[in-house]
Amino acid sequence: MSVTVRVIPCLDVDNGRVVKGVNFEGLRDAGDPVELAQRYDREGADELTFLDVSASKDGRGTILDVVRRTADQVFIPLTVGGGVRSEEDVDALLRAGADKVSLNSSAIARPELLRELSQRFGAQCIVLSIDARRAEGYPSGFEVTTHGGTKSAGVDAIEWAKQGEELGVGEILLNSMDGDGTKQGFDIELIEAVRAVVTIPVIASGGAGAAKDFPPAVAAGADAVLAASIFHFGEVEIKDVKQAMAEAGSEVRL
């Protein structure tokens, strides 16, 4: 488990531009991905995450170009996800300059894909992205969703996290669909529930609205914290997040 808590800006890329909305709706333009990546590198981000939200055939070509241009300019680890369905997709992204690749829907459709990817590329390259929301009828009270939180996968989110580790993923990107874009704070209960069943790093995502929202996520068991719009639109700076976490006793890279 990581000692230093990482701060990760997330860039949702749609046809070559960064966009952001609330609960994946009402998307608005947030800028050029490479320019934003350079800015976050200067401001002290520990990693970057790109999510290809269009994830179409054209989107895949676009995201590969964005990854290449970013890798030429920025030297912090880069995770890319969205529409990744095969070993060939992962290979293409890693060759373009990604350090890690995240999977969501394709892993739900065929969980064994996670094991195959981990064995070929190494666990450190494979991230399981889980879009979770509260739902009745599941042992944990959380279900996995797909398609930007609009469809239920019929899978218990906490069990899926545990299975992901067993299949060999190196990290879990845990996104609260209830909190996404709301700026009401991270879903602490969700983070604690996943932390209780896995030993691999957990990235908390969904709900950050202020610097004070981040330390509770770390206290709940997150090894890294991820946010998007509050960074893109200058509402919170990375240094403020790190300062808040350091004051709460976490080790951060200043």
Side-chain angles (χ1 to χ4, degrees), residues 2 4-14 16-24 27-53 62-63 66-82 93 97-102 104 127 129 131 148 171-176 179-186 191 201-215 217-218 222-246 250 252-254:
S2 302
T4 302
V5 180
R6 293 165 287 148
V7 178
I8 308 173
C10 180
L11 293 81
D12 296 325
V13 181
D14 183 16
R17 299 290 292 180
V18 176
V19 296
K20 191 57 191 171
V22 177
N23 300 124
F24 285 81
L27 299 179
R28 57 177 172 153
D29 190 280
D32 176 76
V34 181
E35 290 179 3
L36 278 173
Q38 288 176 301
R39 188 184 103 195
Y40 292 138
D41 191 14
R42 291 193 303 268
E43 292 179 355
D46 298 295
E47 296 184 13
L48 293 170
T49 292
F50 282 171
L51 295 180
D52 179 3
V53 297
T62 300
I63 202 72
V66 168
V67 171
R68 288 191 195 98
R69 291 190 291 123
T70 302
D72 284 342
Q73 302 291 328
V74 175
F75 302 99
I76 53 178
L78 175 61
T79 299
V80 185
L93 286 165
D99 298 278
K100 295 182 276 189
V101 176
S102 73
N104 184 343
V127 179
S129 179
D131 291 341
E171 199 164 47
I172 290 174
L173 172 52
L174 181 63
N175 187 33
S176 167
D180 181 77
T182 63
K183 303 179 186 177
Q184 298 298 306
F186 291 94
I191 298 168
V202 174
I203 304 168
S205 168
K212 66 178 177 60
D213 291 332
F214 291 83
V218 177
D223 302 271
V225 285
L226 179 148
S229 59
I230 61 169
F231 292 146
H232 301 339
F233 301 115
E235 297 164 41
V236 177
E237 293 188 16
I238 291 169
K239 64 179 177 63
D240 298 327
V241 171
K242 291 194 172 186
Q243 183 66 33
M245 293 196 300
S250 296
V252 296
R253 183 179 68 87
L254 296 173

Euclidean distance, [Y] [atom2] relative to [X] [atom1], rounded to 0.5 Å:
| X | Y | atom1 | atom2 | value |
| --- | --- | --- | --- | --- |
| Asp12 | Thr49 | CG | OG1 | 10.0 Å |
| Thr70 | Leu48 | OG1 | CG | 7.5 Å |
| Leu11 | Thr79 | CG | OG1 | 12.0 Å |
| Asn104 | Leu173 | CG | CG | 9.0 Å |
| Ile203 | Cys10 | CD1 | SG | 9.5 Å |
| Ile172 | Ser205 | CD1 | OG | 13.5 Å |

request  = With sequence neighbours excluded, tell me which residues meet ring-ring contact (aromatic ring centres under 6.0 Å, His included) with Phe50.
outcome  = none
ring-ring contact (aromatic ring centres under 6.0 Å, His included) partners for Phe231, two or more places apart = none
query = Counting distance only, does the side-chain N/O of Asp223 pair as donor-acceptor with the main-chain N or O of Val202 below 3.5 Å?
reply = yes
By side chain to side chain contact (heavy atoms under 4.5 Å, CB included), which residues pair with [X], not counting sequence neighbours?
| X | answer |
| --- | --- |
| Gln73 | Val34, Gln38 |
| Asp99 | Pro77, Leu78 |
| Glu237 | Lys239, Asp240 |
| Ala208 | Phe186, Phe214, Ala227, Ile230 |

Got a sec, which residues hit side chain to side chain donor-acceptor pair (under 3.5 Å) with [X], two or more places apart in sequence or on another chain?
| X | result |
| --- | --- |
| Arg39 | Glu43 |
| Asp213 | none |
| Lys100 | Glu47, Glu171 |
| Gln243 | Glu247 |

[Y] and [X], any side-chain heavy atoms less than 4.5 Å apart:
| X | Y | value |
| --- | --- | --- |
| Asp32 | Arg17 | yes |
| Val80 | Asp52 | no |
| Val7 | Val252 | no |
| Ser102 | Leu51 | yes |

request  = Only pairs at least two apart or in different chains count here, so list each salt bridge (charged side-chain N to carboxylate O under 4.0 Å, His left out) that has a residue in residues 69-78.
outcome  = Asp65-Arg69
Search all heavy atoms of [X] against all heavy atoms of [Y] and return the closest pair with its distance.
| X | Y | value |
| --- | --- | --- |
| Ala210 | Val236 | CA-CG2, 3.9 Å |
| Ile8 | Ala224 | CD1-CB, 3.9 Å |
| Gly97 | Ala71 | CA-CB, 3.9 Å |
| Ala217 | Val225 | CB-CG1, 4.1 Å |
| Lys183 | Ser229 | CE-OG, 3.8 Å |
| Ala204 | Ile191 | CB-CD1, 3.6 Å |

key: Residues forming a salt bridge (Lys or Arg N to Asp or Glu O under 4.0 Å) with Arg253, sequence neighbours excluded   = Asp46
